[in-house]
Amino acid sequence: MALLAFQHDKKLGVADNSARYDLPLHNSAGSGFLLLLVALMSFLAMMTMTGAFAMHGVTSMWSSGLENQATIEIPARMSDGELRDKNELSALRDKLNGFLADQSYIESYEVMSREAVADLVSPWLGDDVNTAELPLPVLISVKLEDSSADILYRIRQNIRKYADDIRLDTHESWLSDILRLAGSLQFSAVIVTLIIGATTVIAIAGAVRSRMAEFRGDIELLHLMGASSTYISSQFQRHSVILSFKGSIIGIITGALALGLFSILSPSGAESLVPALHLGLFEWIILLLIPVAACLIAHITAKITVLRTLSELPL
Amino acid sequence: MIKFEHVGLRYGVGPEVLSDVNFSLEPGSFHFLNGPSGAGKTSLMSLMYLGRKSTRGRVTMFGQSINDMPQEGLAKLRQKIGVVFQEFRLLPHLSAFDNVALPLRIIGTPEREIMSNVNELLEWVGLGDYKQSLPLTLSGGQQQRIAVARAVIARPKLLLADEPTGNLDDEMGFRLMNLFEQLNTMGTTIVIATHSQAIMEKFGHPRMMLGHGHLNIEDPKKNWLQRTMDGVF
Ligand SMILES: Nc1ncnc2c1ncn2[C@@H]1O[C@H](COP(=O)(O)OP(=O)(O)O)[C@@H](O)[C@H]1O
Ligand SMILES: [Mg+2]
């Protein structure tokens with residue numbers, strides 16, 4: 001008797017009532033397919049979301065780095081094509097210097113040395129060009145307290161008084177293009193994630209339906225014995241949730257390996273315009289929530305599918 | 001307990017298998033359901049175990065009209081009904097033990113209690129050595145005994161058995177009949193469809209005679225005069 005009880009528990013795998021199946025869902029064909037599909041979907045969701053996080057990192061790095069930053073340029077060549085005299089150039093530089101020092105809305109500014117400007121242009125010219133003789137513009141990088149249109153207008157009005165080809169460049173035009181591009185990429189990532197979720201829902205619903213068709217007679221019998229819809233659906237829920245959990249764990253482990261490989265192969269360091277693929281704690285938590293989301297999708301989808309199918313029974 | 005008023009049943013567009021069936025069974029009663037093959041015994045059973053809706057008429061079970069009852073209400077009623085299906089309908093992937101335990105699990109009986117009750121009943125029907133066997137590895141008679149054990153394990157208020165002794169030798173047949181008698185004395189209402197003249201005569205319960213879509217109840221215990229009076233009034 002005790003021996004039999006032990007065998008019984010062993011056969012079910014678990015002695016607990018809540019963990020047993022009346023239907024042989026665990027060894028039915030198609031489970032492997034669903035597992036693989038959920039693994040794939042979790043992997044894709046992870047890649048898409050990582051891409052979105054990286055994009056977010058890029059845009060915040062660029063926009064925070066460039067926000068309130070502006071550059072004042074005194075061109076080396078005047079609008080009529082004549083080269084500006086060296087002395088005139090330094091006179092203008094000194095006037096601007098004096099003007100900027102008096103403005104309260106300017107947090108800081110720095111007149112770039114001739115060498116620094118030469119360094120900036122040297123990549124375009126090559127190392128063998130003698131920059132000492134080159135006509136170089138004067139660049140002043142300015143950090144503003146805030147870059148409202150009003151203040152920018154005031155600066156432009158003032159610097160034009162010294163020479164009307166002195167320019168204020170706020171990086172805004174090209175930055176906003178890039179931010180718009182990044183924004184639409186992030187939007188695409190959200191759409192793709194939703195499509196991945198919808199695909200998972202459809203796949204699980206289909207799997208549950210085919211499983212229910214397979215065991216239709218058995219389900220009808222449970223129904224006739226007075227099993228509630230909840231009793232029957234809980235078996236399918238448990239089955240789908242366990243499968244989805246396994247699948248998504250496989251998916252995100254594969255995803256983590258892929259990301260690891262990617263970050264080893266991708267260029268890193270300060271020169272890169274793209275920050276190294278570095279995920280913070282928050283991002284990792286979001287990615288680790290993928291299995292939770294997969295289980296939730298599996299649970300709800302299985303439940304709704306079973307209840308709908310059961311409500312189609314004649315009585 | 002059970003009341004049928006002008007109940008009719010047809011399958012799809014076929015002819016009416018049951019037409020204008022009227023009867024009422026008292027709680028604690030014991031009836032045989034008899035009639036030629038194809039008369040509609042199994043169909044009538046399916047109406048009583050709430051496996052099918054009648055196509056017309058009113059069915060009342062446990063004092064409640066089931067015609068417009070919601071799903072949860074039907075499930076609760078079904079839990080009070082034990083059924084031995086003519087073709088057993090055991091779950092092929094569950095052991096004899098788990099098949100018999102099923103009704104108890106559905107109503108949420110603690111596993112410890114299930115263990116002792118199911119084991120006891122399986123011993124009693126002579127299947128103590130086959131608890132872990134799958135139904136398909138057992139003989140027709142053994143499967144039938146599992147089906148009977150499953151029907152009675154949860155002490156149903158109503159037991160419906162469709163030819164439950166068909167595959168059994170007389171001795172096992174009588175043994176199961178005694179089990180039903182015992183349940184009946186504890187208050188279970190019982191309807192048994194059977195062809196066996198021997199069983200009907202030995203136990204002498206009233207007979208529901210089904211034929212041509214109609215049903216008449218005959219009680220051999222009432223004498224000729226009483227039956228004549230029943231017919232007159
Ligand atoms: N599921 C079904 N679909 C269609 N016809 C059925 C079905 N079940 C039974 N029948 C028909 O109903 C009639 C009564 O069958 P049944 O209730 O099984 O009789 P019995 O149990 O008395 O032999 C038969 O003519 C049978 O062909
Ligand atoms: Mg029949």
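A, B, ... follow the sequence lines: proteins, then strands. Residue 1 opens every chain.
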(message) Please report the interatomic distance CG(B:Leu102) to CG(A:Leu222), rounded to the nearest 0.5 Å.
(response) 5.5 Å
(request) Measure the CZ-CG distance between B:Phe85 and A:Leu224 for me, rounded to the nearest 0.5 Å. (result) 5.0 Å
(message) Taking side chain as everything from C-beta outward and backbone as N, CA, C, O, which of these in B:Leu50 sits under 4.5 Å from a heavy atom of chain A? Side chain, backbone, both or neither.
(response) both
(message) Other residues, nucleotides and ligands only: do more than 12 of their heavy atoms fall within 6.0 Å of OH on B:Tyr11?
(response) yes
(message) Whether the side chain of A:His223 engages the backbone of B:Ala75 through a donor-acceptor N/O pair (distance < 3.5 Å, no angle test) should be reported.
(response) no
(request) Compare every heavy atom of B:Gln79 with every heavy atom of A:Gly226, then report the nearest pair and how far apart it is. (result) O-NE2, 2.8 Å
(request) Mind ranking B:Met69, B:Lys80, B:Arg150, B:Glu72 by heavy-atom pairs under 4.5 Å with chain A and telling me who comes out on top? (result) B:Arg150
(message) When you compare the side chain of A:Asp218 with that of B:Pro92, does any pair of heavy atoms fall below 4.5 Å?
(response) yes
(request) For B:Arg56, look at atom CZ and say whether over 12 heavy atoms of other residues, nucleotides or ligands are found less than 6.0 Å away. (result) yes
(message) Let me confirm one number: the CG-CG distance from B:Asp98 to A:Asp22, rounded to the nearest 0.5 Å.
(response) 8.0 Å
(message) Are there over 12 heavy-atom neighbours, none belonging to B:Glu120, within less than 6.0 Å of that residue's CD?
(response) no
(request) Give a yes or no on this: more than 12 heavy atoms of other residues, nucleotides or ligands lie within 6.0 Å of atom NE2 of A:His56. (result) no
(message) With a sphere of 6.0 Å drawn around CZ of B:Arg155, does it hold more than 12 non-hydrogen atoms of other residues, nucleotides or ligands?
(response) no
(request) Determine whether more than 12 heavy atoms belonging to other residues, nucleotides or ligands lie under 6.0 Å from atom CZ of A:Arg209. (result) yes
(request) State whether the number of non-hydrogen atoms from other residues, nucleotides or ligands found under 6.0 Å of A:Tyr231 atom OH is greater than 12. (result) yes
(message) Can you tell me how far apart NZ (B:Lys76) and OG (A:Ser228) are? Round to the nearest 0.5 Å.
(response) 7.0 Å
(message) More than 12 heavy atoms of other residues, nucleotides or ligands under 6.0 Å from OH of B:Tyr49: yes or no?
(response) yes
(message) To the closest 0.5 Å, what do you measure between CZ (A:Phe215) and CG (B:Leu91)?
(response) 10.5 Å
(message) As an exercise, state the distance from CE of A:Met225 to CZ of B:Arg89, rounded to the nearest 0.5 Å.
(response) 10.0 Å
